[in-house]
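We count ligands from 1, going down the list as the structure has it; atoms in each ligand are counted the same way.
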Amino acid sequence: MTEQGKHRIGIVGGDGIGPDVIAEGLKVIAAAGVELDTVDYDLGGARYLRDGTILPDEILDEWRELDAIYLGAVGTPDVPPGIIERGLLLKMRFDLDLYANQRPFLLPPDVDMIVIRENTEGTYAGEGGFLRKGTPHEIATQGSVNTRMGVERCVRYAFELAASRPAKHLTLVHKTNVLTFAGDLWERTFNEVAADHPDVATAYHHVDAACIYFVDDPGRYDVIVTDNLFGDILTDLGGAISGGIGVASSANLNPSRTGPSMFEPVHGSAPDIAGQNKANPTAAILSGAMMLDFLGETDAADRIRRACADAPTGSTTEIGDTIAARVQGD
Ligand code: IPM
Ligand code: MN
């Protein structure tokens, strides 16, 4: 990490509403008095359609020298599913080893939880393939990769996070009654790491039951740790119960800091409302606050979160202006 005020940040506005919400995020960060040294990268579905570029190795190598990457959203309906997701987003998560995907949800007085989603393995690893594709005897397999190292580092991160919070409570969410191999590895690892954290109270929930609790009794959760796909699904639900996906922020973290971490709203590119000044930039602004936390700018991050607390409404730029003005006056 560089000294304060000299953070080198790669900016990927991306597609659809991505560039608009990131512009508001940068506006608010500037209002908080944090100086960023930004480099823009034109990547995403639109760039792919223009010249076939997805994520060249030279750009990844440049990114390794940065302090963080701030990303809006990537993907357009004109590109078949999987190309940008795998080639850009997942490639970033895998190649930069962003193994902990941190997604906080806050809606007082009922919801105050953080989901830690394993971000480099599971079904996202892409194991599988076709046999006899396109024939009546076609077979498609899609495996789930779970390594002891990958599970353990994610679980350890979640325990450390839980230990730092007042409630000091961590729930493992999985489906150990059906996924008996992966679930067994996760549960054993969780219990072993728990022994190193006697200060953290623990629980285990099957993912289907967790869906009910998210809706009926979210107050029982403090920190949750779960696998990649369960975390993907649960965090959309987390957004839905805490103010909507328009305020759901996320950080793709490399906690060992061997390279940059990546910060992005949970929502996608929303092509139906792109360019209409309608998108809620709060999720991107709060993701910017998570980036500032990670860069050590915790006072600015706290001021941004306070300014977002009552979820201001309006157009994209109005919300950005309101939050920026509050941050400046705080
Ligand atoms: C998310 C998104 C991505 C995911 C998609 C776009 C690949 O849904 O960040 O939650 O599934 O991880
Ligand atoms: Mn998702």
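Within Asp232, the N, O or S atom at minimum distance from the Mn ion (ligand 2) carries the name OD1.
The Mn ion (ligand 2) has no N, O or S atom of Asp236 closer than 2.8 Å.
Close N/O approach between Asp232 and ligand 1 is found [any backbone or side-chain N/O within under 3.5 Å].
The closest approach between Arg93 and ligand 1 falls below 4.0 Å for a heavy atom of the residue. Taking a 4.0 Å cut-off on heavy atoms, His267 fails to register as neighbouring ligand 1. The closest approach between any non-hydrogen atom of Leu89 and ligand 1 is below 4.0 Å.
A donor-acceptor pair shorter than 3.5 Å cannot be found between the side chains of Thr189 and Asn191.
From the protein, the heavy atom lying nearest to atom 1 (C) of ligand 1 is Arg103 NH2, 3.4 Å. Counting protein heavy atoms only, atom 11 (O) of ligand 1 is closest to Tyr124 OH, 2.6 Å.
At distances below 3.5 Å, at least one donor-acceptor pair connects side-chain atoms of Thr316 with backbone N or O atoms of Lys278. When atom types are taken as modelled, the side chain of Arg303 and the backbone of Ala32 share a donor-acceptor pair closer than 3.5 angstrom.
We find that Arg156 and Glu192 are not joined by a salt bridge, their nearest charged nitrogen and carboxylate oxygen being 4.0 Å or further apart.
Every atom of ligand 1 with a heavy atom of Glu85 under 4.0 Å away is listed here by number and element: 6 (C), 7 (C).
Ring orientation note: the planes of Phe263 and Phe294 are tilted relative to one another, at an angle of 30° to 60°.
Each of Phe190, Phe230, Tyr221, Phe214 was evaluated against His205; a single residue qualifies, Tyr221, per the ring-ring contact (aromatic ring centres under 6.0 Å, His included) test.
Note on Ile84: it clusters hydrophobically with Tyr41, by side-chain heavy-atom contacts below 4.5 Å among ILVMFWY residues.
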